[in-house]
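Here's the structure, in structure tokens; my notes come after.
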Amino acid sequence: MGSIEGERTTVGWAARDPTGILSPYTFNLRNTGPDDVYIKVHYCGICHSDLHQIKNDLGMSNYPMVPGHEVVGEVIEVGSNVTKFKVGEVVGAGLIVGSCRNCRACKSDIEQYCGKKIWNYNDVYTDGKPPQGGFAETMIVDQNFVVKIPEGMSPEQVAPLLCAGVTVYSPLSHFGLRDSGLRGGILGLGGVGHMGVKDRGRADWKHPVCQVIGSSEKRKKEARETLEQTIMWLSSDETQMQKIADSLDYIIDTVPVGHPLEPNLSLLKIDGKLILMGVINTPLQFVSPMVMLGRKTITGSFIGSIKETEEMLEFWKEKGLSSMIEMVKMDYINKALERLEKNDVRYRFVVDVAGSKLDDHQ
């Protein structure tokens with residue numbers, strides 16, 4: 001078993017300003033401790049929230065910033081207190097790399113709601129240094145925020161599950177939406193939305209057909225061709241929307257840009273839930289009778305805990321599920337981000353970090 005000692009230097013691709021253009025960046029990793037795991041990054045997914053951060057859409061970005069929070073890699077060294085992981089194991093790390101561990105959320109194993117949580121980039125770690133993300137050769141992560149990848153799962157397929165996958169899994173579990181007989185819909189067929197389709201389609205429910213509400217004829221065609229047990233309704237088609245009015249027990253809203261809520265609220269049954277998941281930097285609006293007259297709920301859910309991530313990985317392994325990805329090298333990252341902003345990916349980009357020459361300037 002190896003041990004971590006001394007300061008480490010690594011190379012990644014960072015944004016320097018709100019243009020969001022990434023380029024090679026050599027930096028020192030944060031100070032290490034006895035609970036830390038030193039990871040060689042193999043793959044990292046690209047999430048829409050990476051776009052928000054590198055372009056300072058939320059007004060809180062600090063540069064230089066190495067994004068990437070769907071990380072799969074190999075353990076190459078461990079701290080003296082690490083008992084969960086061994087050198088050579090394939091592991092994953094997500095958006096959260098620290099929390100207070102004493103608050104109600106932490107003690108309830110939902111550390112993603114801790115008021116003192118630490119993001120895996122664009123934040124400050126306990127040693128005062130900024131953590132950086134997975135678009136880099138190596139990372140250092142506390143063992144309590146690392147998960148073991150089950151044997152037999154393809155690491156590149158697993159990467160998007162560490163954010164997008166668990167983001168869908170968590171509310172389905174928490175709100176009891178896996179109960180037989182419930183009908184649900186997914187708003188938006190992107191990186192997170194397609195995870196919901198995969199998750200639902202193999203859950204052995206009474207109503208396995210997944211109803212997706214989208215705005216693109218192209219996405220409708222894709223869903224019909226590539227996603228089993230999926231019906232896609234176009235939100236722009238009033239006739240189609242009327243067909244499923246008052247028919248859904250819940251809607252998982254994955255859209256990461258501003259959009260009207262009222263058309264979606266009209267699709268819910270009495271006591272239905274609209275669950276918001278997209279990070280949006282503008283206010284959303286609705287008229288109160290849309291909620292009051294059906295005793296409907298507008299709520300939200302944020303990624304998932306380490307415990308939920310482990311459960312989700314086992315579920316996907318048991319059901320034989322796999323995400324739909326497009327593999328790219330790091331020298332394509334800026335083009336991939338540009339395409340992601342245009343919703344031109346089916347359905348998640350994954351960067352082959354280990355197979356890229358990170359120090360090459362393009």
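What you see is a predicted model; the values in this text were computed from it and never measured.
- In this structure the side chain of Val97 never reaches within 4.5 angstrom of the side chain of Val146, judged on heavy atoms.
- Among residues at least two apart or in separate chains, salt bridge (Lys or Arg N to Asp or Glu O under 4.0 Å) pairs with a member in residues 282-309 are Asp271-Arg295.
- Annotation: side chain of Asp17 is not in contact with side chain of Pro64 (no heavy-atom distance under 4.5 Å).
- Of the possible donor and acceptor atoms, none in the side chain of Asn120 sits under 3.5 Å from a partner among the backbone N and O of Gly133.
- Although no hydrogens or angles enter the test, the distance criterion places a donor-acceptor pair under 3.5 Å between the side chain of Glu111 and the main chain of Ile306.
- Counting heavy atoms from C-beta outward, Val350 and Val328 have side chains that stay 4.5 Å or more apart.
- Under 4.0 Å is where a charged nitrogen must lie from a carboxylate oxygen, and between Asp249 and Lys269 at least one such pair does.
- Inter-residue side-chain proximity for Leu313 and Glu310 is flagged as unmet; no heavy-atom pair is nearer than 4.5 Å.
- In this structure, the side chains of Met324 and Pro160 stay at 4.5 Å or more apart for every pair of heavy atoms.
- Cluster membership for Ile46 and Leu58, using ILVMFWY side-chain heavy atoms within less than 4.5 angstrom, is not shared.
- For residues 142-166, the side-chain hydrogen bond (donor to acceptor under 3.5 Å, both in side chains) pairs, not counting sequence neighbours, are Asp35-Gln143, Lys84-Asn144, Glu89-Lys148, Arg101-Asp142, Asp142-Asn144, Gln157-Ser323.
- With rounding to the nearest 0.5 Å, the separation of OH in Tyr250 from CD1 in Ile275 is 8.0 Å.
- When all heavy atoms are compared, the tightest approach of Gly355 to Asp352 is N-OD1, 3.0 Å.
- Between the side chains of Tyr121 and Asp50, at least one donor N or O sits under 3.5 Å from an acceptor N or O.
- Counted by atom type alone, Ser305 and Asp109 present zero donor-acceptor pairs between their side chains at under 3.5 Å.
- When side chains are defined from C-beta on, Thr297 does not count as touching Leu274, because their heavy atoms never get closer than 4.5 Å.
- Atom CH2 in Trp13 sits 9.5 Å away from atom CG in Asp359 (nearest 0.5 Å).
- From Lys335, atom NZ reaches atom CZ of Phe349 across 9.0 Å, with rounding to the nearest 0.5 Å.
- Hydrophobic clustering (side-chain heavy atoms under 4.5 Å, transitive across Ile, Leu, Val, Met, Phe, Trp, Tyr) groups Leu321 together with Leu162.
- Looking at Asn56, its side chain does come within 3.5 Å of a backbone N or O of Ser61 through a donor-acceptor pair.
- Counting heavy atoms from C-beta outward, Arg339 and Glu326 have side chains that approach closer than 4.5 Å.
- Under the 3.5 Å distance criterion, the side-chain polar atoms of Asn264 are matched with a main-chain donor or acceptor of Pro260.
- Side-chain atoms of Ile298 and Leu261, non-hydrogen and from C-beta on, do get closer than 4.5 Å to each other.
- The OG1 atom of Thr309 lies 9.0 Å from the CD atom of Glu311; values are rounded to the nearest 0.5 Å.
- Across every non-hydrogen atom of Ala159 and Glu70, the tightest pair is O-CB, 3.0 Å.
- Both Leu284 and Leu268 sit in one connected hydrophobic cluster of ILVMFWY residues. Membership requires side-chain heavy atoms under 4.5 Å apart, directly or through other members.
- The nearest pair of heavy atoms linking Pro150 to Lys317 is CB-CD, 3.7 Å.
- Under the 4.5 Å side-chain heavy-atom criterion for Ile, Leu, Val, Met, Phe, Trp and Tyr, Met330 and Leu51 are members of the same hydrophobic cluster.
- In this structure, Arg8 is positioned above the aromatic face of Tyr38, its NZ or CZ under 6.0 Å from the six-membered ring centre and within 45° of the axis.
- Residues Val351 and Ile21 fall into different hydrophobic clusters, defined by Ile, Leu, Val, Met, Phe, Trp and Tyr side chains chained together at heavy-atom separations under 4.5 Å.
- A donor-acceptor contact closer than 3.5 angstrom links the side chains of His259 and Asp253.
- Between Asp36 and Arg30, at least one side-chain N (NZ, or NE/NH1/NH2) sits under 4.0 Å from a carboxylate O, which counts as a salt bridge.
- Of the possible donor and acceptor atoms, one in the side chain of Ser108 sits under 3.5 Å from a partner among the backbone N and O of Arg104.
- Partner Thr138 forms a side chain to side chain contact (heavy atoms under 4.5 Å, CB included) with one of Val41, Leu29, Val353 and no other, that one being Leu29.
- Checked against the 6.0 Å centroid criterion, the rings of Phe302 and Trp119 qualify as a close aromatic pair.
- Put simply, CD on Gln242 and OG on Ser266 are 9.0 Å apart, with the number rounded to the nearest 0.5 Å.
- Between Pro67 and Met65, the shortest heavy-atom contact is CD-O, 3.3 Å.
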Q: Would you sort out whether Tyr113 and Cys106 count as a side-chain contact (heavy atoms from CB on, under 4.5 Å), showing the intermediate values?
A: CA-CA 8 Å; Tyr113 298 111; Cys106 289; over 6 Å; no
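- Listed for the Asp127 side chain is a donor-acceptor partner under 3.5 Å among the backbone atoms of Asn31.
- Within the structure, no pair that satisfies the ring pair (Phe, Tyr, Trp, His ring centres under 6.0 Å) test touches residues 55-84, not counting sequence neighbours.
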Q: Apply the test side-chain hydrogen bond (donor to acceptor under 3.5 Å, both in side chains) to residues Ser247 and Arg183: give CA-CA distance (whole Å), side-chain angles for both, the deciding distance (0.1 Å), then the verdict.
A: CA-CA 7 Å; Ser247 68; Arg183 292 184 181 272; over 6 Å; no
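- Phe135 approaches Cys44 most closely through the heavy-atom pair CE2-SG, 3.5 Å.
- A donor-acceptor pair under 3.5 Å links the side-chain atoms of Asn334 to the main chain of Leu22, judged by distance alone.
- Pairing each heavy atom of Thr282 with each of Gly258, the nearest pair is OG1-CA, 4.0 Å.
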Q) Between Phe27 and Thr10, does a side-chain contact (heavy atoms from CB on, under 4.5 Å) hold up when you go through it step by step? A) CA-CA 6 Å; Phe27 61 97; Thr10 193; 3.3 Å; yes
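- When atom types are taken as modelled, the side chain of Gln132 and the backbone of Val66 share a donor-acceptor pair closer than 3.5 angstrom.
- There is no side-chain donor-acceptor pair under 3.5 Å between Asn102 and Lys107.
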Q: Could you check Thr9 against Thr26 for side-chain contact (heavy atoms from CB on, under 4.5 Å), going step by step and ending with a plain yes or no?
A: CA-CA 7 Å; Thr9 298; Thr26 300; 3.5 Å; yes
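- Here the straight-line distance linking atom NE2 of His42 with atom CD1 of Ile149 works out to 12.0 Å at 0.5 Å rounding.
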Q) What's the verdict on side-chain contact (heavy atoms from CB on, under 4.5 Å) for Leu187 and Thr254, showing C-alpha distance, side-chain angles and the deciding distance? A) CA-CA 6 Å; Leu187 184 61; Thr254 73; 5.7 Å; no
